There are 2 protein chains.
Amino acid sequence: MQSPPTLAAHDPMLKLENQLCFPFYAVSRQLTKTYQPYLQALGLTYPQYLVLLLLWEHEQLTVKELGDRLLLDSGTLTPLLKRMEQRQLLSRRRDPRDERSVVIGLLPTGRALEAQARDIPGQLLAKAGLDLDELAALRTQLTQLLARLT
Amino acid sequence: MQSPPTLAAHDPMLKLENQLCFPFYAVSRQLTKTYQPYLQALGLTYPQYLVLLLLWEHEQLTVKELGDRLLLDSGTLTPLLKRMEQRQLLSRRRDPRDERSVVIGLLPTGRALEAQARDIPGQLLAKAGLDLDELAALRTQLTQLLARLT
DNA sequence: CAATGTTTGATTGTGCACAATTAATTGGGG
DNA sequence: CCCCAATTAATTGTGCACAATCAAACATTG
């Protein structure tokens with residue numbers, strides 16, 4: 001009687017609203033858009049911001065280490081890092097002890113963005129309407145799911 | 001004493017592991033990779049699969065309606081739909097009653113993929129290690145977050 | 001009906017994202 | 001020492017993703 005307005009029987013598992021992945025896909029893109037105005041003020045894209053988060057903490061990392069932490073491969077990172085190198089945010093050089101590795105180092109211009117980025121996380125949490133407890137709980141679930149998928 | 005191996009004081013809010021967005025970003029990409037072998041068997045990408053999910057349910061939708069439901073704009077959808085049109089999965093034509101609108105219609109080739117896709121959601125849930133209750137709870141949280149962001 | 005503003009897709013340009021391939025380098029094992 | 005498998009980036013090609021712009025069609029108002 002109160003069936004949906006479809007003409008034929010339709011497998012409910014194949015409805016968009018019942019998909020597992022779509023909410024993650026949509027939330028991820030919406031979150032990136034939410035970051036965008038803050039990052040645009042720093043001239044950064046979201047993946048570039050992630051690279052800087054790691055460099056602010058570690059100062060030097062190889063392309064491989066960045067890829068392992070961000071789950072991105074060199075086909076994504078190499079051109080992204082070259083663009084950031086052109087802006088003097090970071091340096092790229094071969095490791096003399098292993099010429100296969102490329103070491104990415106934070107430059108002063110990149111370090112200077114750290115201060116300007118300091119209040120971005122807080123503003124994002126406010127926009128998302130999450131308090132720190134909810135955030136921690138959600139992050140735990142997502143991290144567990146991520147571990148099961150990788 | 002047990003401080004991390006950083007040289008200077010570092011704002012913990014700017015550590016990657018404490019970010020809100022990164023787990024969503026990473027999980028979303030990992031989920032897409034998890035779908036990939038199943039979708040590759042149908043010759044589909046993940047966004048193309050989402051379009052078909054909607055068309056399997058609704059048969060006909062305008063580009064605008066697809067964009068509203070998937071939160072994608074025409075710059076993403078137009079070339080994607082043209083590729084699917086070339087494969088005879090769907091048709092694209094102007095609405096005679098409003099020539100601004102483009103109506104996307106499911107073609108038999110696209111309908112035929114529905115049967116082949118039927119067990120994808122179940123296999124994905126198994127791989128993610130989620131049961132239906134966990135899934136429903138997670139989806140509720142994500143949908144609420146999405147509503148707050150849009 | 002004419003002027004005006006709105007809606008809708010398409011186009012353009014930039015930047016990810018990743019599979020597949022290539023190339024250089026390294027570290028062993030014989 | 002030399003061959004050989006493994007490691008690491010870079011390259012290439014395809015396909016999203018989105019901002020900005022444009023153009024066509026429609027709706028509304030006077």
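Letters A, B, ... mirror the listed sequences (proteins, then strands); counts begin at 1. On a predicted model such as this, the values are computed, not experimentally measured, just so you know.
Comparing C:dT25, C:dA10, C:dC16 by their closest approach to the side chain of A:D98 singles out C:dT25. Candidate nucleotides D:dA19, C:dT25, D:dA25 were compared by shortest atom distance to the side chain of B:E99, and D:dA25 ranks first. For B:R29, counting side-chain heavy atoms from C-beta on, the closest listed nucleotide (C:dC18, D:dA10, D:dC18) is C:dC18. Side-chain atoms of A:K33 lie closest to D:dC18 of the nucleotides C:dA19, D:dT8, D:dC18.
Taking only distance into account, the side chain of B:S74 meets the base of C:dA10 through a donor-acceptor pair shorter than 3.5 Å.
Side-chain nitrogen and oxygen atoms of A:T45 include none within less than 4.0 Å of the OP1 or OP2 phosphate oxygen of C:dT14. For C:dT11, one of the phosphate oxygens OP1 or OP2 lies less than 4.0 angstrom from a side-chain nitrogen or oxygen of B:K82. Contact between the side-chain N/O atoms of B:T78 and the OP1/OP2 oxygens of C:dG9 is not found at any separation under 4.0 Å. Phosphate proximity of D:dA10 to A:R92: present, with a side-chain N or O under 4.0 Å from OP1 or OP2. Residue B:Q36 has no polar side-chain atom (N or O) positioned under 4.0 Å from OP1 or OP2 of C:dA19. OP1 or OP2 of D:dC16 lies within a sub-4.0 Å distance of a side-chain N or O belonging to B:R83.
At a threshold of 4.0 angstrom between heavy atoms, the contacts of B:T32 with the nucleic acid are absent. If you check every strand for non-hydrogen atoms under 4.0 Å, A:L77 touches nothing. B:D73 comes within contact range of at least one nucleobase, with a heavy-atom separation under 4.0 Å.
Comparing B:G75 and A:G75 by the nucleotide of DNA chain D that holds the closest heavy atom to each, the one mapping nearer the 5' end is A:G75. When each of A:R100 and A:Y46 is assigned the nucleotide of DNA chain C with its nearest heavy atom, A:Y46 is the one assigned upstream, toward the 5' end. Between B:T76 and B:R97, the residue anchored nearer the 5' end of DNA chain D, judged by the nucleotide with its closest heavy atom, is B:T76.
Between A:L130 and B:R148, some side-chain heavy-atom pair lies under the 4.5 Å cut-off. Side-chain contact between A:Y38 and A:Q116: absent, with no pair of heavy atoms (C-beta onward) separated by less than 4.5 Å.
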